[in-house]
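Okay, so here's the structure we're looking at.
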Amino acid sequence: MAESNFVDYVKIYCRSGKGGRGSTHMRREKYCPNGGPDGGDGGRGGHIILRGNRNYWTLLHLKYDRHAMAGHGESGSKGRSFGKDGADKIIEVPCGTVVYNAETGEYLCDVTEDGQEVILLKGGRGGLGNWHFKTATRQAPRFAQPGEPMQEMTVIMELKLLADVGLVGFPNAGKSTLLSSISAAKPKIADYPFTTLEPNLGIVSYHDGKSFVMADIPGIIEGASQGKGLGLRFLRHIERNSLLLFMVPADSDDIRKEYDILLNELRTFNPEMLDKQRVLAITKSDMLDQELMDEIEPTLPEGIPHVFISSVSGLGISVLKDILWEELNKESNKIEAIVHRPKDVTRLQQELKDMGEDEDIVYEYEEDGDDEGDEFDYEYEEDWEDK
């Protein structure tokens with residue numbers, strides 16, 4: 001079994017239900033010899049519905065349940081009896097889940113709130129019974145409408161964590177140490193690169209019971225956009241953050257150069273991320289005296305709030321919290337609705353391969369023969385009301 005149960009990328013097959021066919025029943029009673037048509041309408045096919053659930057933090061529950069299928073609508077019956085609607089299939093997903101078409105890369109929907117429901121695939125409408133088609137000149141129609149067919153699609157579900165502050169830095173820059181020192185999160189910490197292999201969330205307490213959420217992602221290196229290191233796959237988790245905290249250790253050869261490298265990798269992943277507010281933290285500053293700090297300060301990027309911190313000694317931590325809180329509450333820093341771009345098909349195929357999700361998911365089903373013997377094949381009109 002894998003060491004981690006954090007799953008943020010799954011590929012599943014979804015299929016809605018087909019509508020039930022209308023009935024062609026003719027009313028037959030002892031004292032009603034010319035009863036006429038009384039065939040009922042077919043039931044609606046079940047929808048595929050996504051529902052946000054704050055109790056989920058990963059897509060693990062979907063990794064081993066790759067087929068989501070709703071129930072079919074039942075056929076109508078005599079006495080204008082409507083067929084039973086097919087059962088909807090509700091898929092619980094963590095807040096922050098984005099869905100794409102696995103074949104075209106098209107963006108489909110986004111679930112961000114607890115309890116939010118999105119219909120991913122609509123079930124087919126049920127067919128009309130023969131009593132709808134009786135007229136003065138056609139008093140005994142012996143045909144009914146077939147139900148609408150099902151819809152099916154293979155989709156990619158991608159989790160993007162919801163947080164206020166995202167940590168960006170090279171491996172061993174002190175991101176996990178900072179998160180563990182100012183929140184109750186317990187990420188893995190060690191003195192070798194790429195200790196963090198999955199994103200971590202922590203709630204940072206501030207004055208007067210106020211708090212904000214901080215997200216730590218695995219470190220990125222120069223060339224990550226070409227697949228070096230862990231690549232850019234985890235950067236999706238800070239796309240929703242309204243503030244990015246860049247972390248560069250004080251013992252770096254060139255702090256400004258490392259900051260520019262990180263900025264360039266973000267630009268390669270998504271140019272819109274450069275519009276986010278940024279703060280620079282120089283970590284491991286307990287090895288510096290005030291004279292060295294004064295020498296480093298003029299070399300830092302202009303126009304970016306910065307602070308010297310040490311997660312071990314506590315140097316500058318309270319100042320960092322003040323800066324983050326002030327930046328988060330600026331009117332100019334209010335996060336807007338994220339715009340999800342369609343995925344490039346070539347890049348999508350590579351992502352699927354990297355995640356081990358590149359196998360085709362095929363579901364074979366047998367027709368139940370409900371529509372056999374239809375004398376007429378009616379098409380649904382766009383202006384007909386949904387049942």
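Because the structure is predicted, anything quoted here is derived from the model rather than measured. Note that these values count all heavy atoms, side chains included, but never hydrogens, waters or copies made by symmetry.
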Report summary line: Rounding to 0.5 Å, atoms CD (Glu92) and CG (Leu50) come to a distance of 10.0 Å
Query raised in the report: At their closest point, which heavy atom of Tyr100 faces which heavy atom of Glu158, and how far apart are they?
Result: CE1-OE1, 3.7 Å
Requested in this report: Could you please spell out the steps behind the side chain to side chain contact (heavy atoms under 4.5 Å, CB included) verdict for Arg142 and Asn130?
Outcome: CA-CA 7 Å; Arg142 296 184 181 276; Asn130 61 348; 6.0 Å; no
**Report entry** Verdict with supporting geometry, Leu244 and Leu266, side chain to side chain contact (heavy atoms under 4.5 Å, CB included)
**Finding:** CA-CA 11 Å; Leu244 300 179; Leu266 292 185; 3.8 Å; yes
Query - Check: Asn241 main-chain N/O paired with Lys276 side-chain donor or acceptor under 3.5 Å - result: yes
Requested in this report: For Leu59 and Tyr9, work out which heavy atoms get closest and say how close.
Outcome: CD1-N, 3.9 Å
Query raised in the report: Any sub-3.5 Å donor-acceptor pair from Thr268's side-chain atoms to Asn264's backbone N or O?
Result: yes
Query raised in the report: Is it true that Arg51 and Asp88 make a salt bridge, defined as a side-chain N closer than 4.0 Å to a carboxylate O?
Result: no
Report task. Examine distances only and state if a side-chain atom of Asp41 and a backbone atom of Gly129 form a donor-acceptor pair shorter than 3.5 Å. Result -> yes
**Report entry** Verify same cluster id: Met153, Leu62 (apolar side-chain graph, 4.5 Å)
**Finding:** yes
Query raised in the report: With the threshold set at 4.0 Å, does a side-chain nitrogen-carboxylate oxygen contact exist between Asp38 and Arg27?
Result: no
Report summary line: Closest non-hydrogen atoms of Ser23 and Gly76, given as atom of the first, atom of the second and distance, are CB-O, 3.4 Å
Query raised in the report: Under 3.5 Å, is there a donor-acceptor pair between the side chain of Arg44 and the main chain of Gly123?
Result: no
Query - Within one Ile-Leu-Val-Met-Phe-Trp-Tyr cluster: Val248 and Ile261, side-chain cutoff 4.5 Å - result: yes
Report task. Could you pull out the closest heavy-atom pair between Gln277 and Leu243, with the gap in Å? Result -> O-CD1, 3.3 Å
Requested in this report: For Asp322, enumerate each residue passing the side chain to side chain donor-acceptor pair (under 3.5 Å) test, keeping only those at least two apart in sequence or located in another chain.
Outcome: Tyr206
Report task. Please examine the side chains of Ser75 and Arg21, heavy atoms only from C-beta on, and report whether any two atoms are closer than 4.5 Å. Result -> yes
Query raised in the report: Hey, what do you get for CZ (Phe133) to CD (Gln145), rounding to the nearest 0.5 Å?
Result: 5.0 Å
**Report entry** Chi angles and distances behind the side chain to side chain contact (heavy atoms under 4.5 Å, CB included) call for Ile296, Leu288
**Finding:** CA-CA 10 Å; Ile296 293 174; Leu288 304 177; 3.9 Å; yes
Query raised in the report: When you measure from the side chain of Glu148 to the backbone N and O of Arg125, does any donor-acceptor pair fall under 3.5 Å?
Result: yes
Requested in this report: State whether the side chain of Thr58 and the backbone N or O of Val7 hold a donor-acceptor pair below 3.5 Å, judged by distance alone.
Outcome: yes
Query - Test item: Ile12 and Val155 side chains (from C-beta on) under 4.5 Å apart, heavy atoms - result: yes
Report task. Look only at the side chain of Asn53 and the backbone of Asn55, and say whether a donor-acceptor pair between them is shorter than 3.5 Å. Result -> yes
Query raised in the report: Quick one: does Leu245's side chain get under 4.5 Å of Leu320's, heavy atoms only?
Result: yes
Query - ILVMFWY cluster membership beyond Ile119 - transitive side-chain contacts under 4.5 angstrom - result: Ile49, Ile90
Report task. Could you grab the distance from atom OG of Ser183 to atom CD1 of Ile203, nearest 0.5 Å is fine? Result -> 8.5 Å
Report task. Output yes when a side-chain donor or acceptor of Thr283 lies under 3.5 Å from a complementary backbone atom of Met247, and no otherwise. Result -> no
Query - Steps toward side chain to side chain contact (heavy atoms under 4.5 Å, CB included) verdict (Val98, Tyr107) - result: CA-CA 8 Å; Val98 186; Tyr107 163 73; 3.6 Å; yes
Query raised in the report: Going by heavy atoms in the side chains, are Glu258 and Pro249 under 4.5 Å from each other?
Result: yes
**Report entry** Hphob cluster co-occupancy, Ile91 + Val118, side-chain heavy atoms under 4.5 angstrom
**Finding:** yes
Report summary line: Distance col, row Leu263:CG vs Phe246:CZ, nearest 0.5 angstrom, shows 5.0 Å
Query - Interatomic distance, Leu328 atom CG to Phe212 atom CZ [nearest 0.5 angstrom] - result: 6.5 Å
**Report entry** Check: Ala70 main-chain N/O paired with Arg15 side-chain donor or acceptor under 3.5 Å
**Finding:** yes
Query - Shared hydrophobic cluster, Trp131 / Met26 (ILVMFWY, side-chain heavy atoms < 4.5 Å) - result: no
Query raised in the report: Any idea which heavy atoms bring Asp216 and Ser176 closest together, and the distance?
Result: OD2-OG, 2.9 Å
**Report entry** Under 3.5 Å donor-acceptor, Lys122 side chain and Gly45 backbone
**Finding:** no
Report summary line: Here the pair of heavy atoms bringing Thr97 nearest to Asp110 is O-OD1, 3.1 Å
Query raised in the report: Taking C-beta and beyond as the side chain, do Val93 and Val99 meet within less than 4.5 Å on heavy atoms?
Result: no
Query raised in the report: Is there a chain of hydrophobic side chains (I, L, V, M, F, W, Y, each step under 4.5 Å between heavy atoms) that links Leu201 to Val111?
Result: yes
Report summary line: To the nearest 0.5 Å, atom CZ of Arg267 lies from atom CD of Glu272 at 13.5 Å
Would you tabulate the side-chain donor-acceptor contacts of residues 303-317 under 3.5 Å, counting partners in other chains and residues two or more places apart, or write 'none'?
| from | atom 1 | to | atom 2 | distance (Å) |
| --- | --- | --- | --- | --- |
| His306 | NE2 | Glu297 | OE2 | 2.9 |
| Ser310 | OG | Ser313 | N | 3.3 |
| Ser310 | OG | Ser313 | OG | 3.0 |
| Ser313 | OG | Leu315 | N | 3.4 |

Query raised in the report: Does the distance from a Lys or Arg side-chain N to an Asp or Glu carboxylate O, for Glu152 and Lys18, drop under 4.0 Å?
Result: no
